[in-house]
Amino acid sequence: MLDLKLIRQDEARVRRGLERRGAGAAELDRILALDAEWRALVAELDALRAERNRVSQEIGRIKREGGDASAQLAAMSDVAERIRSLEAREKELQDEIEALLLRLPNLPDDDVPDGPDDSANVEVRRWGEPARFPFQPKAHWDLGPALGLLDFERAGKITGSRFTVFFDRGARLLRALVAFMLDYHTARGFTEVLPPFLVNSASMTGTGQLPKFGGDAFRVDGHDLWLVPTAEVPVTNLHRDEILAADELPIYYCAYTPCFRSEAGAAGRDTRGLIRQHQFDKVELVKFVRPEDSARELETLTAHAAGVLEALGLPYRVVALSTGDLGFASAHTYDLEVWMPSYGRYVEISSCSNFRDFQARRANIRYRPEPGAKPQYVHTLNGSGLAVGRTFAALLENYQREDGSVRLPEVLAPYLGGQLEFAPRT
RNA sequence: GGAGGGGUACCGUAAUCGGCAACGGAACGGUCUUGAAAACCGUCGCCCGCAAGGGCUUGCGGGUUCGAGUCCCGCCCCCUCCGCCA
């Protein structure tokens with residue numbers, strides 16, 4: 001959520017930021033008009049309340065002294081009626097302003113490249129060399145079933161399309177990747193969290209999924225509960241409505257959760273394999289930091305997530321998202337894209353974002369810069385570290401051999417009982 | 001799911017019959033002090049306002065009333081017990 005004070009005081013800056021994202025300026029004009037009306041109303045209302053408070057005390061005093069307060073009571077009856085009517089209007093205005101503010105996206109950082117969509121994204125750097133296969137490499141949706149690791153057909157039977165059954169050593173490999181990633185992060189200062197996989201609407205609003213993107217998530221029938229679309233939601237909301245002490249910051253969390261998304265697949269893209277599923281697994285990194293540190297923290301967060309790919313020996317590149325490709329709540333995002341032989345290109349495997357105070361304001365997450373000082377909003381960041389299903393796919397594809405077998409990197413040996421070889425069933 | 005008890009500021013606790021949300025502690029600022037402690041004063045949630053000042057805030061949302069922490073209705077969470085359950 002944008003700061004209403006900022007909108008008032010620096011309308012030009014807000015308008016410029018929204019225009020860079022192609023977001024409507026119409027809402028901005030509407031907010032400014034409603035806010036002007038609201039402030040005038042509040043002044044009038046507060047004056048009436050002041051009078052009511054004053055006379056009500058007087059009535060109390062008169063009654064205690066056994067006097068007759070009927071004149072005051074009659075006058076205050078009218079004032080009370082007037083206050084009731086103004087309060088109703090004030091609530092309307094406030095609700096409407098709030099509703100508009102909640103639908104306004106974050107402002108992009110100055111150094112975010114401008115552009116209409118992902119075509120304007122800018123490659124920042126590359127790591128590793130995509131393997132040149134002396135044979136036609138197979139896709140993971142062919143390798144996985146052939147190796148007895150993945151079963152897409154039975155998942156379709158028991159649930160539907162865009163779900164997967166991990167089987168036998170495939171299930172073990174998925175569990176191994178989750179454990180490997182969590183160990184990697186906790187060894188580097190992140191605190192492991194295992195949150196609920198269902199969250200309430202307040203949490204979904206706090207991180208920005210609601211009110212605009214409810215259709216992208218699964219809701220539990222008959223309850224105010226949603227299946228988490230990402231661990232970002234429960235983990236960021238851990239500190240909703242809290243005032244953190246300055247010496248608690250920065251806070252670094254990592255969390256494994258399954259992620260549930262109903263929108264995946266609507267566009268008919270990536271219909272095969274693990275790339276776009278209604279349920280997938282992810283290890284997420286979440287940071288709460290001082291405002292002055294968030295830009296630097298985004299760089300280290302991105303480098304940290306990239307470290308997982310490097311440990312696994314998977315070639316990747318870092319891409320700075322353009323204003324047109326930026327997520328709703330983000331001010332600045334780097335995507336990590338892993339080399340995927342079946343696609344013949346780099347495919348997103350992590351998205352690292354700085355939300356600045358956008359989520360903190362929605363979720364009311366503050367800290368005291370100094371003991372005794374006024375509370376301020378923290379900055380929140382998060383990034384995938386990594387999407388586990390896509391990592392699974394990238395490993396199979398990048399480490400495949402001509403006979404359809406796969407040998408995974410040594411770093412996974414402790415998590416796989418030393419069994420790094422995967423051979424096709426005959 | 002049922003019964004009972006609770007939710008008040010950073011923490012702990014009051015508030016009679018409905019009448020300015022009191023007190024203690026912590027933290028921070030100040031006075032005092034060579035320095036510190038103690039003591040005393042102030043600050044310590046949010047909003048409007050250039051300011052003076054005013055308003056809001058007792059888990060959340062409604063209602064009654066001139067006036068609600070207090071009375072009424074709905075909901076959420078915590079504790080105890082019962083039921084159910086991996």
Side-chain angles (χ1 to χ4, degrees), chain A residues 1-10 31-102 194-206 210-211 219-220 222-226 234 237-249 251 288 357 360-378:
Chain A
M1 190 159 67
L2 297 181
D3 185 0
L4 185 54
K5 277 183 192 158
L6 177 71
I7 293 176
R8 273 182 212 142
Q9 288 163 10
D10 202 349
I31 288 171
L32 285 161
L34 289 169
D35 179 56
E37 185 183 350
W38 176 78
R39 282 187 292 164
L41 191 83
V42 163
E44 186 182 354
L45 192 51
D46 282 356
L48 282 170
R49 283 166 169 163
E51 187 190 355
R52 180 185 67 186
N53 290 344
R54 186 177 56 75
V55 177
S56 285
Q57 284 167 41
E58 196 182 323
I59 290 170
R61 184 179 53 75
I62 292 172
K63 285 193 167 183
R64 266 195 307 280
E65 293 168 357
D68 174 19
S70 54
Q72 285 85 349
L73 283 171
M76 281 309 98
S77 183
D78 291 344
V79 170
E81 188 48 49
R82 177 89 180 121
I83 287 175
R84 258 193 291 279
S85 119
L86 290 186
E87 274 176 344
R89 177 62 184 153
E90 196 258 355
K91 187 175 175 358
E92 274 176 24
L93 285 169
Q94 204 172 312
D95 287 351
E96 194 174 347
I97 291 168
E98 173 92 354
L100 286 165
L101 279 176
L102 284 173
L194 198 137
F197 302 159
L198 292 173
V199 293
N200 56 33
S201 294
S203 293
M204 291 283 277
T205 304
L210 292 179
R219 184 170 191 170
V220 180
H223 298 268
D224 178 30
L225 293 172
W226 304 76
N237 278 281
L238 279 175
H239 295 299
R240 173 150 51 86
D241 294 323
E242 289 185 14
I243 299 175
L244 302 164
D247 61 11
E248 291 179 82
L249 299 178
I251 296 172
F288 300 79
D357 63 6
R361 180 170 289 107
R362 287 172 162 254
N364 192 31
I365 307 168
R366 294 174 293 171
Y367 79 111
R368 253 181 242 288
E370 306 286 336
K374 269 191 63 157
Q376 285 185 24
Y377 291 114
V378 301

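Convention: sequence-line order gives letters A, B, ...; per-chain numbering from 1. These numbers were taken from a predicted model, which means no experiment stands behind them.
- Across all strands shown, A:R366 has heavy atoms under 4.0 Å from sugar-phosphate atoms exclusively, and none from any base.
- Separating the CG atom of A:N200 from the C1' atom of B:G61 is a distance of 16 Å, rounded to the nearest angstrom.
- RNA chain B is contacted by both A:A50 and A:K5; A:K5 maps to the nucleotide lying nearer its 5′ end (nearest heavy atom per residue).
- Across all strands, A:R64 comes closer than 4.0 Å only to sugar-phosphate atoms, never to a base (heavy-atom distances).
- B:G69 and B:G19: their P atoms are spaced 10 Å apart (whole Å).
- Electrostatic pairing of A:D95 and A:K91 counts as a salt bridge here, judged by a charged N lying under 4.0 Å from a carboxylate O.
- Using a 4.0 Å cut-off, some side-chain N or O of A:R52 falls inside it from OP1 or OP2 of B:C56.
- For A:N53 and B:G55, the shortest distance from a side-chain N or O to OP1 or OP2 is below 4.0 Å.
- Between A:A47 and A:A80, the residue anchored closer to the 5' end of RNA chain B is A:A47, taking for each the nucleotide with the nearest heavy atom.
- Whole-Å rounding puts the A:L4 CG to B:C48 P distance at 7 Å.
- Searching all strands for a Watson-Crick or G-U wobble partner of B:C40 with both distances below 3.5 Å returns B:G30.
- For the P atoms, the distance from B:U13 to B:A9 is 11 Å, rounded to whole Å.
- Contact annotation: A:R39 side-chain N/O to B:G49 OP1/OP2 distance is under 4.0 Å.
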